[in-house]
There are 2 protein chains.
Amino acid sequence: MLETALRLFASQGFHGTSIRDVAKALELQPSALYAHFASKEHILAELVQLGHEAHHEALRKVLLSAGTEPEAQVRALIRAHTVMHATHPQLSVVVNEESHALPPELAAPAMALRNQSTALLLEVIERGVAMGRFTPPHAVATAAAISAMGVRLPYWYEPAGTLDVDTLADIHAELALRMLGGR
Amino acid sequence: MLETALRLFASQGFHGTSIRDVAKALELQPSALYAHFASKEHILAELVQLGHEAHHEALRKVLLSAGTEPEAQVRALIRAHTVMHATHPQLSVVVNEESHALPPELAAPAMALRNQSTALLLEVIERGVAMGRFTPPHAVATAAAISAMGVRLPYWYEPAGTLDVDTLADIHAELALRMLGGR
DNA sequence: GTCTATACCACGATAGAC
DNA sequence: GTCTATCGTGGTATAGAC
């Protein structure tokens, strides 16, 4: 049911999807949904939270086994970031486009996770700069540019095409290191 | 009036903004809007079209005075792309997030322009590759990554902060050339 | 947990006077 | 080109039976 809502929110947007749409896709009556969620906003909040948790967990996990070299850490983070967005494009789209439809109190936990994920990359970059391994023109703008590669994936990348996810992740890691002036 | 609709569409989304919202912001009655536009969708279509035209025109114009060197051409395209997104963040957001709320026939002209703009960058890159000046890991993915830097700007960049638009444009041009392996 | 039925409201859009 | 008034529809959500 979260999956159904996700599919609809991703293709028509949160405000463009009605409770009736979700119910119809599930072959239920609209009222049946309220046994599972307090409101339409709570469905979105759940999706946004799950998306941020999965993303943050993935980044945290790969960083643990990435060793201490800044280059390897960047490569691990960017590979995970890219794989996440390439394999869960609908969740990525909803998280990035519809989060702002939530009232602040429902979005707050997810926003906190987002800030932590952003900080994870920035800290690795700044450590690399301090070690003299990276020479980005601007740490914050470069971190944003690196992150943007993944976030924009759902808008052009076709997993069924000639470029498989693993190769794409390598390409993004390579591009990130080039931006940083690493290696 | 387009400006008012743009402001509301950017902050609440197309489906999240009602005709009544727009009318109230203009201190008009809802019915008064229909003297100017046939429907709510036509307001969005106009904004989407204007946004794509301004973007495409900007790219075309700078390319004319960028000379024949691929590096200079990339620099010119990326600078224009970045300046556009940094100085018109609301238009960029609406164009990129709400275009899909339009029926295909209303969105078609803008989509055609978008494809042309995408092709502009890709052609410069592929020419640079053919000349042996660029060595991107993957031309299409690298073009997408370069474009993504600009598209994501409205979500983090604050023109009022310490980083001015002109410096940012230079940073993005530098990052693009690094990704391409140019110079 | 799902149903039928419905309350109540906001939606986009139109009619017709001025 | 803006107004008042309103039409018809579809929105979120609830009540209460099973």
Side-chain angles (χ1 to χ4, degrees), chain A residues 1-51 90-91 93-95 97-110, chain B residues 1-51 90-91 93-95 97-110:
Chain A
M1 138 155 202
L2 278 173
E3 287 162 23
T4 300
L6 173 60
R7 202 182 69 239
L8 293 171
F9 289 171
S11 69
Q12 314 173 18
F14 173 69
H15 290 300
T17 303
S18 71
I19 287 287
R20 285 171 157 94
D21 291 337
V22 180
K24 180 168 287 183
L26 290 166
E27 296 180 291
L28 290 175
Q29 294 305 311
S31 57
L33 303 184
Y34 290 89
H36 305 273
F37 291 93
S39 74
K40 189 181 146 188
E41 279 181 350
H42 282 79
I43 304 178
L44 176 59
E46 180 80 14
L47 288 169
V48 165
Q49 183 64 19
L50 288 174
Q90 292 179 325
L91 191 53
V93 166
V94 169
V95 159
E97 293 197 355
E98 312 296 343
S99 288
H100 72 323
L102 289 174
E105 63 271 22
L106 277 180
Chain B
M1 142 158 200
L2 279 172
E3 286 163 22
T4 302
L6 173 61
R7 200 182 71 238
L8 293 170
F9 290 170
S11 70
Q12 314 173 15
F14 174 70
H15 290 301
T17 304
S18 70
I19 287 287
R20 286 170 163 85
D21 291 338
V22 180
K24 179 170 286 184
L26 290 166
E27 295 179 292
L28 289 175
Q29 294 305 311
S31 57
L33 303 185
Y34 290 89
H36 305 274
F37 291 93
S39 75
K40 189 182 148 188
E41 279 181 350
H42 281 80
I43 304 178
L44 176 59
E46 180 81 14
L47 288 169
V48 165
Q49 182 64 19
L50 288 174
Q90 292 179 325
L91 191 53
V93 166
V94 168
V95 159
E97 293 197 356
E98 311 296 345
S99 288
H100 72 323
L102 289 175
E105 63 272 21
L106 277 181

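Note on naming: letters A, B, ... go to the chains in the order of the sequence lines (proteins, then strands), and numbering restarts at 1 for each one.
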Gap separating the OG atom of A:S11 from the CG atom of A:D21, nearest 0.5 angstrom: 9.0 Å

Nearest-neighbour nucleotide for the B:A32 side chain, D:dC3, C:dA13, D:dA13 considered: D:dC3

Atom pair distance, as rounded to whole Å: CD1 in B:I19 and P in D:dA5: 21 Å

Separation of atom CD in A:Q29 from atom P in C:dC3, rounded to whole Å: 5 Å

Phosphate OP1/OP2 of D:dG10 contacted by A:S18 side-chain N/O (<4.0 Å): no

Pairwise distance CD1(B:I19) to CD(B:Q29) - rounded to 0.5 angstrom: 13.0 Å

Interatomic distance where CG belongs to A:D21 and P belongs to D:dG10 [whole Å]: 11 Å

d(CZ, B:F37; C1', C:dG12) in whole Å: 16 Å

Between C:dA7 (C1') and A:Y34 (OH): distance, integer Å: 13 Å

Sugar-phosphate, base or nothing in reach of B:S31, heavy atoms under 4.0 Å: base

A:E41 CD to D:dT12 P, straight-line distance once rounded to whole Å: 11 Å

Backbone N/O of A:L102 and side chain of A:E41: donor-acceptor pair under 3.5 Å: no

Donor/acceptor link under 3.5 angstrom from A:R20 side chain onto base of D:dG10: no

Distance (rounded to the nearest 0.5 Å) between B:T17 OG1 and B:E98 CD: 8.0 Å

Length of the CG-C1' vector between A:L33 and D:dA13, whole Å: 11 Å

Sugar-phosphate only, base, or nothing, as touched by A:A35 at under 4.0 Å among non-hydrogen atoms: base

Value in whole Å for how far the C1' atom of C:dA13 lies from NE2 of B:H36: 16 Å

